[in-house]
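So the structure is just underneath, and the comments pick up after that.
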Amino acid sequence: MKVPRIAIVIPCYNEEAVLPQSVERLLAILDRMVGKGEVTPDSYILCCDDGSKDRTWELIKTLNQADNRVKGISLAHNRGHQNALFAGLMTVKGKCDAAISIDADLQDDPDAIEVMVDKFSSGEEIVYGVRMKRDTDTWFKRNTARSFYKLQRNMGIEVVDDHADFRLMSAKALDLLAEYGESNLYLRGIIPQIGLSSGIVAYDRKSRMAGESKYPLSKMLAFSIDGITSFSSRPMRLVFFTGLAFLILDVIVAIYVIASIFFQTASKLAGRH
């Protein structure tokens with residue numbers, strides 16, 4: 001296989017505290033891989049600003065002026081992590097041999113990128129970054145995550161356990177992803193359905209370098225609900241059959257009430273005669 005051109009896609013929302021350090025580290029990784037002949041010198045980073053309210057977009061423009069391998073797009077409004085990531089992936093589609101998505105906080109180990117590219121060069125079309133352990137999570141987050149993965153499987157959704165959105169996708173995988181017309185984007189559920197050959201790279205998740213998590217409990221719950229309702233008809237069937245059961249119960253009660261009234265009326269009439 002020829003030396004691939006890689007695009008690293010970073011969805012960004014209010015990341016001014018961490019973005020310069022993140023981009024610096026990712027550029028160093030690209031330099032190292034270029035030096036080894038693993039990626040082409042024109043491999044690049046695309047930062048997708050998701051309508052940030054801080055100086056994220058100004059920083060992206062400054063980083064681009066310092067190194068033209070850092071590119072950026074800006075969404076007019078805050079559309080959420082999945083939409084920002086999808087916009088970034090669709091922007092690099094046709095302009096790279098493979099795209100690697102990673103969050104700006106670099107909690108997902110960027111050193112795993114080199115292993116992902118190696119697996120891609122060996123023939124894998126999709127490579128998932130998977131956490132080896134969840135020691136850095138709170139007890140609540142660790143156990144709710146495990147319950148969520150189990151619930152998704154019970155709902156018939158194909159997911160990769162302990163995988164977020166740190167992954168490599170080939171140009172072919174990006175083309176197939178572009179054909180999906182989902183309005184509630186849940187990329188963790190869509191991408192395994194593409195059906196191409198895939199591999200896994202295990203890594204240790206780290207603490208945020210700076211800034212705050214963009215996924216408080218409310219957003220995590222909303223994201224989880226989208227993930228279930230977008231890819232499984234079982235919740236709809238559950239609602240349907242629950243409604244049907246209540247309808248049947250209402251009909252039985254109505255028949256009982258009507259019958260009781262009829263027999264009481266009949267008894268009174270019989271008593272008069």
Side-chain angles (χ1 to χ4, degrees), residues 6-31 43-93 95-96 99-113 129 131 136-138 140-141 144-145 163-167 169 183-188 203-227:
I6 298 299
I8 300 176
V9 178
I10 310 174
C12 305
Y13 179 67
N14 293 347
E15 297 290 359
E16 67 174 355
V18 71
L19 192 60
Q21 300 96 306
S22 301
V23 168
E24 181 181 5
R25 186 171 179 193
L26 290 169
L27 286 173
I29 290 172
L30 283 180
D31 287 336
S43 295
Y44 61 98
I45 297 169
L46 177 75
C47 301
C48 184
D49 179 35
D50 185 23
S52 295
K53 298 177 182 178
D54 63 1
R55 296 182 57 256
T56 295
W57 180 238
E58 285 72 20
L59 280 173
I60 292 171
K61 290 189 288 186
T62 300
L63 291 165
N64 170 258
Q65 291 171 359
D67 192 322
N68 63 10
R69 291 177 298 171
V70 181
K71 308 180 187 302
I73 61 172
S74 179
L75 303 186
H77 305 285
N78 176 239
R79 297 292 309 279
H81 180 274
Q82 295 292 281
N83 283 287
L85 176 54
F86 183 75
L89 292 173
M90 293 302 100
T91 299
V92 303
K93 183 176 75 71
K95 303 170 187 173
C96 65
I100 298 171
S101 55
I102 187 169
D103 288 343
D105 57 22
L106 295 192
Q107 285 187 276
D108 300 315
D109 186 4
D111 288 327
I113 289 174
R131 297 175 61 171
T136 58
D137 286 350
T138 62
F140 177 79
K141 187 172 183 179
T144 52
H163 164 70
D165 286 298
F166 182 33
R167 71 178 74 84
M169 298 183 68
S183 56
N184 293 326
L185 282 174
Y186 183 65
L187 295 175
R188 301 177 200 181
Y203 67 95
D204 285 322
R205 189 171 170 85
K206 307 179 186 305
S207 301
R208 284 181 64 93
M209 291 192 297
E212 299 177 349
S213 172
K214 304 305 185 297
Y215 266 95
L217 180 59
S218 59
K219 284 191 175 182
M220 288 178 62
L221 290 173
F223 185 56
S224 301
I225 292 170
D226 281 344

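Arg55 places no side-chain N or O within donor-acceptor distance of the main-chain N or O of Ser52, the cut-off being under 3.5 Å. Not a single donor-acceptor pair under 3.5 Å links the side chain of Asn78 to the backbone N or O of Gly51. In this structure, Gln82 contributes its side chain and Leu187 its backbone to a donor-acceptor pair below 3.5 Å. Ser22 places a side-chain N or O within donor-acceptor distance of the main-chain N or O of Ala104, the cut-off being under 3.5 Å. The closest donor-acceptor contact from the side chain of Thr56 to the backbone of Glu15 lies under 3.5 Å. Put simply, the side chain of Asp50 gets close to the backbone of Gly80: a donor and an acceptor are under 3.5 Å apart.
Here the OG atom belonging to Ser43 is positioned 11.0 Å from the CG atom belonging to Leu27, to the nearest 0.5 angstrom. Interatomic distance, NZ of Lys93 versus CZ of Phe86, reported as 9.0 Å (0.5 Å rounding). Note: Leu63 CG to Cys47 SG = 7.0 Å, rounded to the nearest 0.5 Å. Note that the CG atom of Leu106 and the CG atom of Asp111 stand 10.0 Å from one another [nearest 0.5 Å].
Side-chain contact between Leu30 and Ile8 is present, with heavy atoms from C-beta onward closer than 4.5 Å. Two residues are said to be in side-chain contact when any heavy atoms from C-beta on lie closer than 4.5 Å; Ile45 and Arg69 fail this criterion. Side-chain contact between Cys96 and Ile6: absent, with no pair of heavy atoms (C-beta onward) separated by less than 4.5 Å. In this structure, the side chains of Leu75 and Trp57 stay at 4.5 Å or more apart for every pair of heavy atoms. Taking 4.5 Å as the limit, some side-chain heavy atom of Lys53 sits within range of a side-chain heavy atom of Asn14. By the 4.5 Å heavy-atom criterion applied to side chains, Leu19 and Cys12 are counted as neighbours. Contact check for Leu85 versus Cys48: no side-chain heavy atoms found under the 4.5 Å cut-off. The shortest distance between side-chain heavy atoms of Asp109 and Asp204 does not fall below 4.5 Å.
Salt bridge Asp49/Lys61: absent, no basic N to carboxylate O contact under 4.0 Å.
Between His163 and Gly129, the shortest heavy-atom contact is ND1-O, 2.9 Å. Annotation for Ile60 and Lys71: closest pair CG2-O, 4.2 Å, computed over non-hydrogen atoms. Shown here for Ala99 and Leu89, the closest heavy-atom pair between the two residues is CB-CD2, 4.0 Å. Nearest heavy-atom pair, Val70 versus Asn64, reported as atom, atom and distance to 0.1 Å: O-ND2, 2.7 Å.
Heavy-atom contacts from other residues, nucleotides or ligands closer than 6.0 Å to CD of Glu58 number more than 12.
Partners of Asp108 by side chain to side chain donor-acceptor pair (under 3.5 Å), not counting sequence neighbours, listed by chain and number: Tyr203, Arg205.
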